[in-house]
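Chain A is the first sequence line, chain B the second, and so forth, proteins listed ahead of strands; every chain is numbered from 1. Heavy-atom basis, side chains included; hydrogens, waters and symmetry copies ignored.
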2 protein chains.
Amino acid sequence: MKSSLWIEEFQSDHSSYKFEIEKTLFSGQSEFQAVDVVQTKGHGKMLLNDGLIMVTERDEFAYHDMIAHVPLFVHPNPKNVLVIGGGDGGTAREVIRHPGVEKCTMVEIDKMVVDACIEFIPQTSKDLTGDRVNLIIGDGVKFVKETKEKFDVILVDSTDPIGPATPLFGTEFYEDLKNCLSDDGIVVSQGESPWYQTDIQKGLIKILDGVFNDVFLYTFSNLTYPGSLWSFTFATKKYHPVKDFNPNRVTESGLDFDYYNKGIHSAAFALPSFIRKNLEGLIKND
Amino acid sequence: MKSSLWIEEFQSDHSSYKFEIEKTLFSGQSEFQAVDVVQTKGHGKMLLNDGLIMVTERDEFAYHDMIAHVPLFVHPNPKNVLVIGGGDGGTAREVIRHPGVEKCTMVEIDKMVVDACIEFIPQTSKDLTGDRVNLIIGDGVKFVKETKEKFDVILVDSTDPIGPATPLFGTEFYEDLKNCLSDDGIVVSQGESPWYQTDIQKGLIKILDGVFNDVFLYTFSNLTYPGSLWSFTFATKKYHPVKDFNPNRVTESGLDFDYYNKGIHSAAFALPSFIRKNLEGLIKND
């Protein structure tokens, strides 16, 4: 009989996901959090922050497609993009696939996450050293307070509101974000689980509602986040995420995605009733 | 230190879901399979067949809404509905919420499943004894071969193609189904996981393609099936599931659902690219 090594992440107090591990590739403790990269048996390499699964090679395309391409195909001409967090590099990788994007500034607080992903997960990190990526190791909260730049699209690619990501779930952060957003800008943020984390989700949306006029929610599915159905918030100064979306632009881009497509774009904003009911009056989805 | 009791279901060889159990309510071995009903700590009561999770009270609405209301709101006047399997009763419960449905015949092979659900899970089974439900304990494969009735909508609410459900994944069964389907009828079948069971899914769709002209796939999310994103096939003699869908009928019905709504109806047929690519040429989704 052979023993086997498993990682278990709790979705709630009474349910969990388990993944079989082949070996640990990296294990460190940064100033901010524990950082681990492991080789799983069925899901490729996996990044964990403080023991929570951030990314696996098998399904990371779902999250990264949906955080990046939804706003980038709504905004008609995004040139200057900001990513807060996203240390694994997958979000920046998708952003710069849009040839019109002149610069993708990425502000990640934890150098250890970036370094571990560059060394062990090139699938997500491969473009972090590219010309159009301006990688800043620093505090995103401080960055948006101090920058004089204006961004067309801002992506808040954060972990849960525990540890270093906590201030990313605050009103002051979003007021500062709004100030560095262009007049027709869009902010997309990691929006938590509609099944298991409805309180965190509702809290984030209330903060966004206080800062922006129009806040929407959209969903996607992956294999590793609790409940698998996951969400992004879409806060916008001008463009409607569905009515101002031109599907032809997706076709004309010639880009090929494993999750995103012109049909899934609008479909992602059609929410199951239990989500609509829970967020009634807080979001502008039709 | 207190010990705790958990049930673990494997999604694949190298990943699993776990749910904490409070106590076992029923445990039996029928002629066909092991049947268990347990009280979980976070997901209500749970039915298991041969150790595989069939239903939990917390999220069963997602599956039952989507198997029933999608075809019943496409077909303009469904009067006679057949359910193959569905022993927990949740599908029949949703079918008869449509006042135009005159009769819902349900053919479940395993009396022990029905009896256990009637006794322990009234949430799903509560309408099995109702006037418009014609509950037959018997072999669905034999039933569709012998019946002289014609059905407007047929729902194949089956488990995986192991154990008693194996013949439900066969060409002969679907040829017989087609014969007892009205000229404008629709067949919806449990379509497996687009993440983990793509071979089973593709096999089922190839069988449907051989029998019906037009086969579509649609998805929904729940909390308990491997990968959480799950699918139904939609095989149709006449009606297109999106183009022939009139959203006003949902509004006019006055029915309220926790998952299904007029937006999610069409959105469910917009598939992530990895599913489209895997099923290219086999399904008619746009």
Side-chain angles (χ1 to χ4, degrees), chain A residues 4 6-22 40-43 56 58-59 61-62 65-66 193-196 219-230 242 256-277 285-286, chain B residues 4 6-22 40-43 56 58-59 61-62 65-66 193-196 219-230 242 256-277 285-286:
Chain A
S4 59
W6 290 75
I7 186 161
E8 179 168 10
E9 179 170 332
F10 279 76
Q11 307 178 71
S12 65
D13 288 349
H14 307 297
S15 57
S16 72
Y17 282 9
K18 280 177 63 183
F19 297 91
E20 193 172 3
I21 304 302
E22 201 172 301
T40 72
K41 285 212 169 170
H43 292 74
T56 85
R58 179 166 177 175
D59 67 334
F61 68 91
D65 270 14
M66 292 302 278
S193 162
W195 285 108
Y196 285 117
T219 65
F220 70 100
S221 273
N222 76 2
L223 289 174
T224 41
Y225 291 169
S228 295
L229 184 70
W230 209 257
V242 176
D256 177 57
F257 309 106
D258 279 341
Y259 197 97
Y260 180 83
N261 56 57
K262 57 191 180 184
I264 213 77
H265 180 108
S266 302
F269 289 88
L271 305 174
S273 306
F274 72 98
I275 304 177
R276 297 172 65 105
K277 290 176 186 179
N285 297 53
D286 286 335
Chain B
S4 60
W6 290 75
I7 186 161
E8 179 168 11
E9 178 171 332
F10 279 75
Q11 307 178 70
S12 65
D13 288 349
H14 307 296
S15 57
S16 72
Y17 282 11
K18 280 176 63 183
F19 298 91
E20 192 172 5
I21 304 302
E22 201 172 302
T40 71
K41 285 213 170 169
H43 292 74
T56 85
R58 179 166 177 173
D59 66 335
F61 68 91
D65 271 14
M66 292 302 278
S193 162
W195 283 109
Y196 284 117
T219 66
F220 71 99
S221 274
N222 75 3
L223 289 173
T224 40
Y225 292 169
S228 295
L229 184 71
W230 209 257
V242 176
D256 176 58
F257 309 106
D258 279 340
Y259 197 97
Y260 181 83
N261 57 57
K262 58 190 179 183
I264 213 77
H265 180 108
S266 302
F269 289 89
L271 305 175
S273 305
F274 73 98
I275 304 177
R276 296 173 66 104
K277 290 176 186 179
N285 297 53
D286 286 335

Asks: If you count heavy-atom pairs under 4.5 Å between each of A:S16, A:G263, A:A267 and chain B, which one has the most?
Replies: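 Looking at each option in turn, the highest pair count goes to A:S16.
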Asks: State the CH2-OG distance between B:W195 and A:S221, to the nearest 0.5 angstrom.
Replies: 7.5 Å
Asks: Test A:S228 against every option in B:W230, B:Y17, B:Y225 by the side chain to side chain contact (heavy atoms under 4.5 Å, CB included) rule and name the one that passes.
Replies: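 With A:S228 as partner, side chain to side chain contact (heavy atoms under 4.5 Å, CB included) holds for just one option, B:Y17.
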Asks: So which part of A:F269 gets closer than 4.5 Å to some heavy atom of chain B, the side chain, the backbone, both or neither?
Replies: neither
Asks: Please identify, among B:D256, B:T224, B:D59, the residue contributing the most non-hydrogen atom pairs under 4.5 Å to chain A.
Replies: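 Most heavy-atom pairs under 4.5 Å with chain A: B:D256.
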Asks: For chain A, which of B:T40, B:T219, B:N222, B:I21 has the most heavy-atom pairs under 4.5 Å?
Replies: B:N222
Asks: So which heavy atom on B:N261 is nearest to which on A:R276, and how close?
Replies: ND2-CD, 3.6 Å
Asks: With respect to chain B, which residue among A:Q11, A:K262, A:H43, A:H265 yields the maximal number of heavy-atom pairs within a distance under 4.5 Å?
Replies: A:H43
Asks: Considering only heavy atoms, which portion of B:F61 lies under 4.5 Å from any heavy atom of chain A: side chain, backbone, both, or neither?
Replies: side chain
Asks: Test side-chain contact (heavy atoms from CB on, under 4.5 Å) on A:K277 and B:D258 and set out the steps.
Replies: CA-CA 8 Å; A:K277 290 176 186 179; B:D258 279 340; 2.6 Å; yes
Asks: Under a 4.5 Å heavy-atom cutoff, which of A:L229, A:I7, A:N285 has the most pairs with chain B?
Replies: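 Most heavy-atom pairs under 4.5 Å with chain B: A:L229.
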Asks: So how far is it from A:S193 OG to B:L223 CG, rounded to the nearest 0.5 Å?
Replies: 7.5 Å
Asks: Please report the interatomic distance NZ(A:K18) to CH2(B:W6), rounded to the nearest 0.5 Å.
Replies: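 Separation between the atoms: 10.5 Å.
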Asks: What part of A:L271 is in contact with chain B, defined as an atom under 4.5 angstrom from a non-hydrogen atom: side chain, backbone, both or neither?
Replies: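 Just its backbone gets close to chain B.
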Asks: Against A:H14, only a single residue in B:K41, B:E22, B:E20 fulfils side chain to side chain donor-acceptor pair (under 3.5 Å); can you say which?
Replies: B:E20
Asks: Donor-acceptor pair, A:S15 side chain versus B:F19 backbone, under 3.5 Å?
Replies: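 No, because the side chain of A:S15 does not come within donor-acceptor range (under 3.5 Å) of the backbone of B:F19.
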